[in-house]
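This report refers to the structure that appears directly beneath it.
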Amino acid sequence: MSSADTEPLTPDGVFELLSNHRRRMVLYYLRTKGGSVDVQELATEIAAMENDVSADELTSQQRKRVYVSLYQTHLPKMAEMNTIEYDKDSGTVRLADRADDIDEYLTTDDQPTYPWRFHYFLLTVGGATALSLTVLSVPGFGAVPLPVVGAAVLLVFTLSVAWQYWQAQNRTEPVPVELRQYDQ
Amino acid sequence: MSSAHEEICVTVSETVSEARDEPVDALPPLSDAIDTDGLDAIVTGDSSHDVTVAFSYAGMAVFVYADSTVYVRPERPREDSVPGAHV
């Protein structure tokens, strides 16, 4: 059993885990929140997402049903698969390292964005060509001094990096596809 | 509420908790007694499926019918009055 704990989750295990929307929500919430989360809080957040109301508009019945299903079925199962650490005494859960195995089965959020690898490849080829032609004083290129060409190439790279950084900082994270049924 | 059949495990837990007069938190995990995903899949709420699932859980004999009806009775007649009896 202890050797099985250190092995990565099997695909069957991952899909079994992900086959239930409440378990997906548990993974999502724990990942978004980070660290230890109280089971009561987890139940409240999930019930709010499912019923599409804010946490204080939930009826105690709505909250309790989610709590019982987490407490009685989903959390023990996830703990047994070592994807979460479930501390029954303190009533808290946190993601275990093994939860990272699941990530490769899920969509990443940087899908149809700008092809930066291609962008830098072209810049490198273009910059190297311009510099070589200048150094070799190929007719038509000798007119521009080398430092100017060098500075121009550097500037283009700098602007690209700045743009890419800005884009990464300002990306709004969409609701992941595995939870989309609750997105309004 | 949301998907009715998803809640069968909750119904089982609540029924047993009521029958034993103990809070749900005091019961052992239902997932130790039965594959709860399997139970969800069998109990479709469609009464034309003639399926009954019987298992023991927290000292109770539990019967779940395809139409989501849950029936529980003490597993052994009387003896297990010990609180938190293990199965």
Side-chain angles (χ1 to χ4, degrees), chain A residues 12-26 38-40 42-43 45-53 57-84 86-93 179 181-184, chain B residues 1-45 53-64 66-72 75 83-87:
Chain A
D12 283 356
V14 171
F15 287 113
E16 185 186 340
L17 200 70
L18 293 176
S19 68
N20 182 280
H21 77 266
R22 283 199 180 136
R23 293 197 287 265
R24 293 195 295 274
M25 292 208 163
V26 170
D38 190 272
V39 176
Q40 298 279 2
L42 188 63
E45 294 295 330
I46 291 178
M49 274 200 265
E50 280 185 10
N51 293 286
D52 193 33
V53 292
E57 286 172 281
L58 282 171
T59 66
S60 65
Q61 187 63 13
Q62 287 172 325
R63 205 194 56 79
K64 189 174 173 224
R65 299 224 105 190
V66 175
Y67 175 75
V68 172
S69 89
L70 292 184
Y71 182 85
Q72 286 289 332
T73 68
H74 301 310
L75 297 181
K77 185 170 197 137
M78 295 173 81
E80 197 182 312
M81 296 175 87
N82 294 303
T83 49
I84 59 167
Y86 179 23
D87 184 344
K88 275 191 192 158
D89 297 328
S90 65
T92 57
V93 282
L179 296 174
Q181 54 185 321
Y182 296 103
D183 187 22
Q184 290 300 304
Chain B
M1 306 243 156
S2 43
S3 51
H5 80 272
E6 149 83 36
E7 311 282 20
I8 190 64
C9 296
V10 177
T11 310
V12 170
S13 293
E14 286 180 338
T15 311
V16 170
S17 124
E18 249 169 69
R20 290 185 59 110
D21 196 21
E22 278 178 26
V24 177
D25 306 48
L27 299 175
L30 182 59
S31 54
D32 286 355
I34 191 167
D35 179 338
T36 48
D37 284 357
L39 186 61
D40 269 348
I42 290 170
V43 180
T44 53
V53 182
F55 59 99
S56 39
Y57 168 55
M60 293 285 182
V62 180
F63 300 87
V64 180
D67 64 356
S68 302
T69 313
V70 175
Y71 171 74
V72 300
E75 203 161 32
H86 294 285
V87 184

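Sequence lines set the chain letters: A, B, ... in the order given, protein chains first and strands last, and positions in each chain run from 1. Owing to the predicted nature of the structure, the values given are computational and were not obtained by experimental measurement.
Looking at Thr11(B), the atoms closer than 4.5 Å to chain A (heavy atoms on both sides) sit in the backbone and in the side chain alike. Both the backbone and the side chain of Leu27(B) come within less than 4.5 Å of a heavy atom of chain A.
Residues Asp25(B) and Tyr67(A) have side chains in contact (heavy-atom distance under 4.5 Å, counting atoms from C-beta outward). Contact annotation: the side chain of Ser31(B) approaches that of Pro76(A) to within less than 4.5 Å [non-hydrogen atoms, C-beta and beyond]. Residues Asp37(B) and Lys77(A) meet the side-chain proximity criterion, which asks for heavy atoms closer than 4.5 Å.
Here the OG1 atom belonging to Thr73(A) is positioned 10.0 Å from the CG atom belonging to Leu39(B), to the nearest 0.5 angstrom. Note that CD of Gln72(A) is 10.0 Å distant from OG1 of Thr36(B), once rounded to the nearest 0.5 Å. Between the OG atom in Ser69(A) and the CG atom in Leu30(B) there is a gap of 10.5 Å [rounded to 0.5 Å].
Remark: Lys88(A) engages no residue in a salt bridge (Lys or Arg N to Asp or Glu O under 4.0 Å) (not counting sequence neighbours). Under the salt bridge (Lys or Arg N to Asp or Glu O under 4.0 Å) criterion, Arg63(A) pairs with no residue, sequence neighbours left out.
Taking a cutoff of 4.0 Å between a charged side-chain nitrogen and a carboxylate oxygen, Lys64(A) and Glu7(B) do not qualify as a salt bridge.
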